[in-house]
Each structure stands twice: as structure tokens, then as C-alpha cells.
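Note that these values count all heavy atoms, side chains included, but never hydrogens, waters or copies made by symmetry.
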Amino acid sequence: MTSAAPNDASIVRTESVTLFSGSRPFALESGEILAPVTVAYESYGSLNAARDNAILVCHALTGSAHAAGLSSPDEKSAGWWDPMIGPGRPLDTSRYCVICSNFLGGCYGTTGPTSLDPRTGKPYGMAFPEYTVRDMVRLQ
């Protein structure tokens, strides 16, 4: 995970991780299978040795994982929850590792309709499988 210090004009990069590849696909409640699945996320602060200081921040279904800090040097405003994330703030990044991931099916880097369907090599589009909020939560 990338450790970033929001609120100090540092640049926060959106990272991604690919899960459920190969013989271990992600089974949706609809019975459909997705593999691989990419999850885009941003993280702030550091995970401790016990790995018990993580906080997951969920965004609005139409939002992105850019919750705090700046995503580029020319960005004019910080992430959508910047006043809440950072040293000395309610989600204190000197104590916690704060993670915000994009939802399944979204348009900000997590697998969704614009992703390439490995069976066709073309974007899923309308062929993207039906999924539920429970599927989105399980993926997070």
C-alpha cells in the first residue's frame, strides 16, 4: 500500500490490485463468475505490524476512491472527504491506515462494464454480469 499524508499538498496515487485470477474466480450471487477482478483504491497512513489498524471508507456509488489529498499537482481541490482524513483528524492517519476502494462495476478503475471481458477481449458493456451490493461488499 502506498502511504500518503493527506492535507499537506502531497500527491496521492490511485493504486490497484488484481484478485481472483486463474483458477480462483469471484462468484457473484447471480451465479456468474468474474476473473480476474481489479480493485482500485487509495490508502493513507500505514498498516501496523499487527495489521489491526485499518479503516475502510466507502464512497457514494457514483464516487471514486479519491477521498483525501491531491491526485495531481494541478488539482484545485482535495479529495471528497479530505477534512476527515489526516493527522489529528477524525480518521487520524498517524494512528490508522485508511483505505478507500472503488466499488465493483464502477468507472474509476475497479472491474466494471468498461473493463475488458477476457473471453472476448472487448469491453463488457451491457454484457457485464448482474451483481448485488452484497457482491460489492464481499469484494471489498
Side-chain angles (χ1 to χ4, degrees):
M1 284 186 194
T2 299
S3 179
N7 317 312
D8 67 358
S10 65
I11 304 304
V12 181
R13 289 189 337 235
T14 300
E15 304 285 338
S16 64
V17 61
T18 299
L19 308 167
F20 303 103
S21 58
S23 63
R24 192 174 155 247
F26 185 63
L28 301 169
E29 285 194 333
S30 65
E32 295 283 336
I33 300 294
L34 283 176
V37 178
T38 298
V39 178
Y41 67 93
E42 288 187 6
S43 64
Y44 316 91
S46 298
L47 197 58
N48 65 17
R51 302 171 66 97
D52 63 0
N53 69 327
I55 295 174
L56 178 65
V57 172
C58 297
H59 60 76
L61 293 176
T62 59
S64 74
H66 183 55
L70 302 174
S71 59
S72 70
D74 56 342
E75 186 174 24
K76 294 186 178 17
S77 62
W80 49 268
W81 229 25
D82 192 70
M84 300 296 288
I85 300 171
R89 295 187 178 201
L91 299 180
D92 188 341
T93 54
S94 61
R95 295 180 54 206
Y96 302 108
C97 177
V98 180
I99 303 164
C100 183
S101 64
N102 288 322
F103 285 115
L104 176 66
C107 56
Y108 292 100
T110 294
T111 299
T114 61
S115 302
L116 295 182
D117 181 340
R119 296 171 294 180
T120 66
K122 297 178 182 173
Y124 282 100
M126 294 298 290
F128 193 74
E130 182 179 308
Y131 61 96
T132 66
V133 171
R134 191 172 289 132
D135 291 324
M136 291 189 295
V137 171
R138 280 187 24 249
L139 183 61
Q140 285 187 304

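- With sequence neighbours excluded, the residues that form a side-chain hydrogen bond (donor to acceptor under 3.5 Å, both in side chains) with Thr14 are Glu42.
- Tracing side-chain contacts under 4.5 Å through hydrophobic residues (I, L, V, M, F, W, Y), one reaches Phe20 starting from Val17; they form part of the same cluster.
- Qualifying side-chain hydrogen bond (donor to acceptor under 3.5 Å, both in side chains) partners for Thr114, counting only residues two or more places apart in sequence or in other chains: none.
- Annotation for Ser72 and Ile11: closest pair C-CD1, 3.5 Å, computed over non-hydrogen atoms.
- Here the shortest heavy-atom pairing between Ile33 and Pro25 reads CG2-CB, 3.0 Å.
- Within a 6.0 Å sphere centred on CZ of Phe128, heavy atoms belonging to other residues, nucleotides or ligands number more than 12.
- Between the side chain of Tyr44 and the main chain of Gly69, no donor-acceptor pair closer than 3.5 Å is present.
- Using bins of under 30°, 30° to 60° and over 60° for the plane-to-plane angle, the ring pair Trp80/His59 lands in the perpendicular bin.
- In terms of modelled atom types and a separation under 3.5 Å, the side chain of Ser30 and the main chain of Tyr131 share no donor-acceptor contact.
- The distance from the OH atom of Tyr41 to the CZ atom of Arg13 is 9.5 Å, given to the nearest 0.5 Å.
- Applying the salt bridge (charged side-chain N to carboxylate O under 4.0 Å, His left out) definition to pairs two or more places apart or across chains, those involving residues 108-118 are Asp117-Arg119.
- The side-chain hydrogen bond (donor to acceptor under 3.5 Å, both in side chains) check on Ser23 picks up nothing, with sequence neighbours excluded.
- Shown here for Ser21 and Pro36, the closest heavy-atom pair between the two residues is CB-CB, 3.9 Å.
- Counting heavy atoms from C-beta outward, Asn53 and Leu47 have side chains that approach closer than 4.5 Å.
- Cluster membership for Val39 and Leu116, using ILVMFWY side-chain heavy atoms within less than 4.5 angstrom, is not shared.
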Could you go through the side-chain contact (heavy atoms from CB on, under 4.5 Å) check for Phe26 and Thr111 one step at a time?
CA-CA 11 Å; Phe26 185 63; Thr111 299; over 6 Å; no

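- For the pair Ile85/Thr93, a side-chain contact is recorded, criterion being any heavy-atom separation below 4.5 Å from C-beta on.
- Under the salt bridge (charged side-chain N to carboxylate O under 4.0 Å, His left out) criterion, the residue pairs touching residues 126-140 are Glu29-Arg134, Asp135-Arg138, with sequence neighbours excluded.
- Between Thr38 and Thr18, the shortest heavy-atom distance links the atoms OG1-OG1, 3.4 Å.
- Counting all heavy atoms, side chain and backbone alike, Pro129 lies closest to Leu28 at CB-CD1, 3.7 Å.
- Taking CG of Leu56 as the start and SG of Cys97 as the end, the distance is 10.5 Å to the nearest 0.5 Å.
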For residues 101-109, tabulate all N or O donor-acceptor pairs below 3.5 Å that involve a side-chain atom, not counting sequence neighbours.
| unit_1 | atom_1 | unit_2 | atom_2 | d |
| --- | --- | --- | --- | --- |
| Ser101 | OG | Gln140 | NE2 | 3.0 |
| Asn102 | OD1 | Ala65 | N | 2.6 |
| Asn102 | ND2 | Tyr108 | O | 2.5 |

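- Considering CG of Leu34 and CG of Leu19, their distance stands at 11.5 Å, rounded to 0.5 Å.
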